[in-house]
Amino acid sequence: MRNVKTVGLVGGGVIGGGWAARALANGLDVVAYDPADGAEEILRGKVANAWPALEQVGLAPGADQGRLTMAGSIGALAEAADFIQESAPERLDLKTRIHTEIDAAAAADVIVASSTSGLLPSDFQADCSHPERVIVGHPFNPVYLLPLVELVGGRKSSQQSIDAASKFYASIGMYPLHVRNEIDGFLSDRLQEALWRENLHLVNDGVATTKELDDAIVYGPGLRWAFMGVNRTFALAGGDEGMRHMLRQFGPALKLPWTKLEAPELTDDLIEKMVEGTEQQIQGTGIAELERLRDQCLIAIMTALGDFNEGAGKLLKEQRERLGQAE
Ligand code: NAD
């Protein structure tokens, strides 16, 4: 793969905006394409909202919001970019069409990654003449702070493309996780979806409010997950005997079963309960303000974890050291 100086972003919404902010903060040029009315203003607004957090995390030499330009078409973008990240709406037909268009215009050594949350790269590459460079690079919101990016190859993706994309993502402070099997939903969203389904059931059945369910995570398991994940956490639940004792003790509950797994029907009533509940929770705070609060909390958590060389904190510490901004 070529040296990446210009990142091409197809789609400038929540995720495209996050990619733009991360790439610009790392001293790269960004060229973006989004057909929506007012897309440029919206995208620049997203980058500006993220910038204070990025200044705290550390900007690379030359990092400048002004290095973002808009392209008039996917073709023009593909000709200008050294690495392309597609973050268009989550619709297979649209994404497949976009990938065919990118493929026709981008040089063969340009990697094309999709931000999709769970669609398969084999589908995107089906009509491409260079399918080997088409992969999934699934990030997490906010892309400019959370380091995880899941890399998934399709049937025709080459290992070189996965390796080159891993190297590029690592160079902009990310943690590339290779999902070795091409499965729907990848790893992280499958885990998140299991929790989400149960969350919806508990609201639907009138068992708990959205706030009570958030409290059930925020004051407890959420704190552990940030640095131990599910499995290391549960290994400790087994005391000195670790996972074996944990499974002996709590395994039978799996058969009861506590959880439902099948998603509930998204009825109007359930949608209203979810919307009303979360509106009450964020009452008086605008979304942009809440995003800035989230960013501050994430930076604080990652900075604290850096002292212990754990998880995302270790990565942030290494990035700050690279930039000569270690505290
Ligand atoms: P979004 O709705 O915020 O943004 C999508 C953008 O794509 C919009 O700005 C829209 O104008 C633009 N668009 C529409 N048609 C287009 C076209 N033909 N070419 C280029 N751009 C076009 O959605 P999002 O949340 O940013 O999601 C984008 C992708 O990222 C999806 O594949 C989604 O699954 C994935 N993703 C989302 C999240 C999340 O938390 N929102 C997390 C990880 C991955």
Side-chain angles (χ1 to χ4, degrees), residues 7-23 30-47 49-50 68-81 84-106 112-125 127 134-152 154 165 169 174-177 179 182-193 195-196 199 274 278 287-288 290-291 294-295 298:
V7 179
L9 300 177
V10 178
V14 173
I15 295 302
W19 280 114
R22 181 177 278 276
V30 170
V31 54
Y33 169 75
D34 190 312
D37 286 343
E40 175 167 4
E41 207 187 329
I42 293 171
L43 181 54
R44 289 194 192 280
K46 286 188 192 307
V47 172
N49 200 41
L68 166 67
T69 53
M70 299 301 286
S73 66
I74 288 181
L77 174 143
E79 282 173 18
I84 296 174
Q85 185 79 35
E86 169 273 306
S87 310
E90 189 78 337
R91 277 184 16 228
L92 182 59
D93 58 333
L94 174 68
K95 282 193 189 280
T96 308
R97 190 153 41 80
I98 288 174
H99 277 272
T100 314
E101 230 179 291
I102 296 171
D103 182 67
V112 184
S114 172
S115 298
T116 178
S117 299
L119 301 175
L120 299 180
S122 288
D123 292 328
F124 303 148
Q125 63 191 189
D127 298 327
V134 177
I135 59 165
V136 162
H138 173 228
F140 291 78
N141 188 34
V143 180
Y144 52 88
L145 286 182
L146 294 187
L148 182 61
V149 55
E150 292 181 312
L151 293 191
V152 193
Y169 289 132
M174 301 187 86
Y175 185 85
L177 176 63
V179 178
E182 189 188 20
I183 51 161
D184 297 299
F186 322 135
L187 303 182
S188 201
D189 278 355
R190 283 179 77 146
L191 296 175
Q192 291 198 92
E193 198 187 270
L195 196 62
W196 185 33
N199 186 90
M274 292 299 298
T278 46
I287 292 288
L290 202 57
E291 282 174 343
R294 172 203 61 195
D295 291 358
L298 284 174

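For reference, positions follow the sequence shown, starting with 1. All ligand and atom numbering here is 1-based and tracks the order in the structure.
Note that OG1 of T96 and CZ of F124 are 6.0 Å apart. Values are rounded to the nearest 0.5 Å. Note that CG of D127 and CG of D103 are 9.0 Å apart. Values are rounded to the nearest 0.5 Å.
The closest approach between any non-hydrogen atom of F140 and ligand 1 is not below 4.0 Å. Within the 4.0 Å heavy-atom shell around ligand 1 one does not find R97. The shortest heavy-atom distance from A39 to ligand 1 is not under 4.0 Å.
Distance from atom 32 (O) of ligand 1 to its nearest protein heavy atom, with residue and atom name: E90 OE1, 2.6 Å. Closest protein heavy atom to atom 36 (N) of ligand 1: S117 OG, 3.2 Å. Here the heavy atom of the protein found nearest to atom 37 (C) of ligand 1 is I15 CG1, 3.2 Å. Among protein heavy atoms, atom 28 (C) of ligand 1 sits closest to S87 O, 3.3 Å. Distance from atom 43 (C) of ligand 1 to its nearest protein heavy atom, with residue and atom name: P139 O, 3.2 Å. Considering only non-hydrogen protein atoms, atom 35 (C) of ligand 1 sits nearest to S115 O, 3.3 Å. Of all protein heavy atoms, the one lying nearest to atom 23 (O) of ligand 1 is V14 N, 4.7 Å. The protein heavy atom nearest to atom 22 (C) of ligand 1 is P35 CD, 3.4 Å.
Looking only at distances, a side-chain donor or acceptor of R22 sits under 3.5 Å from a matching main-chain atom of L146. Distance alone, capped at 3.5 Å, is enough to place a donor-acceptor pair between the E182 side chain and the S122 backbone. A donor-acceptor pair under 3.5 Å links the side-chain atoms of K95 to the main chain of A88, judged by distance alone. At distances below 3.5 Å, not a single donor-acceptor pair connects side-chain atoms of D34 with backbone N or O atoms of G11.
Set against the non-hydrogen atoms of A36, the atoms of ligand 1 under 4.0 Å away are 11 (O). Within ligand 1, counting atoms from 1 as listed, the ones closer than 4.0 Å to a heavy atom of G13 are 3 (O), 4 (O), 6 (C), 9 (O), 26 (O). Taking every heavy atom of K95 and a limit of under 4.0 angstrom, the matching atoms of ligand 1 come to 31 (C), 32 (O). Listed by atom number, the atoms of ligand 1 under 4.0 Å from L94 heavy atoms are 18 (N).
Counting heavy atoms from C-beta outward, V30 and T69 have side chains that stay 4.5 Å or more apart. Side chains of L177 and L187 form a contact here, defined as non-hydrogen atoms less than 4.5 Å apart.
There is a protein heavy atom closer than 4.0 angstrom to atom 30 (O) of ligand 1. There is no protein heavy atom closer than 4.0 angstrom to atom 2 (O) of ligand 1.
Below 3.5 Å of separation, one finds no N or O of H138 facing any N or O of ligand 1. For ligand 1, the polar-atom distance check finds no N/O of V10 at less than 3.5 Å from any of the ligand's N/O atoms. Looking at N141 next to ligand 1, no N or O pair under 3.5 Å apart turns up. An N or O contact shorter than 3.5 Å is missing between I98 and ligand 1 by distance. Remark: ligand 1 and E86 share no N or O pair separated by less than 3.5 Å (distance only, no angle test).
Salt bridge status for R44 with E40: present, with a side-chain N to carboxylate O gap under 4.0 Å.
Aromatic pair W19/Y169: centroids less than 6.0 angstrom apart.
Counting only non-hydrogen atoms, the option in I102, D34, I42 that gets closest to atom 10 (C) of ligand 1 is D34. For atom 13 (N) of ligand 1, the nearest non-hydrogen atom from the set G16, A88, P89, G11 belongs to P89.
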Pair Q125-V112, side chain to side chain contact (heavy atoms under 4.5 Å, CB included): steps then yes or no: CA-CA 10 Å; Q125 63 191 189; V112 184; over 6 Å; no
Chi angles and distances behind the side chain to side chain donor-acceptor pair (under 3.5 Å) call for H99, E86: CA-CA 8 Å; H99 277 272; E86 169 273 306; 2.9 Å; yes
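Counting heavy-atom neighbours within 6.0 Å of D93 CG, excluding the residue itself, gives a total above 12.
Put simply, the residue from D189, V149, L145 that forms a side-chain contact (heavy atoms from CB on, under 4.5 Å) with F140 is D189.
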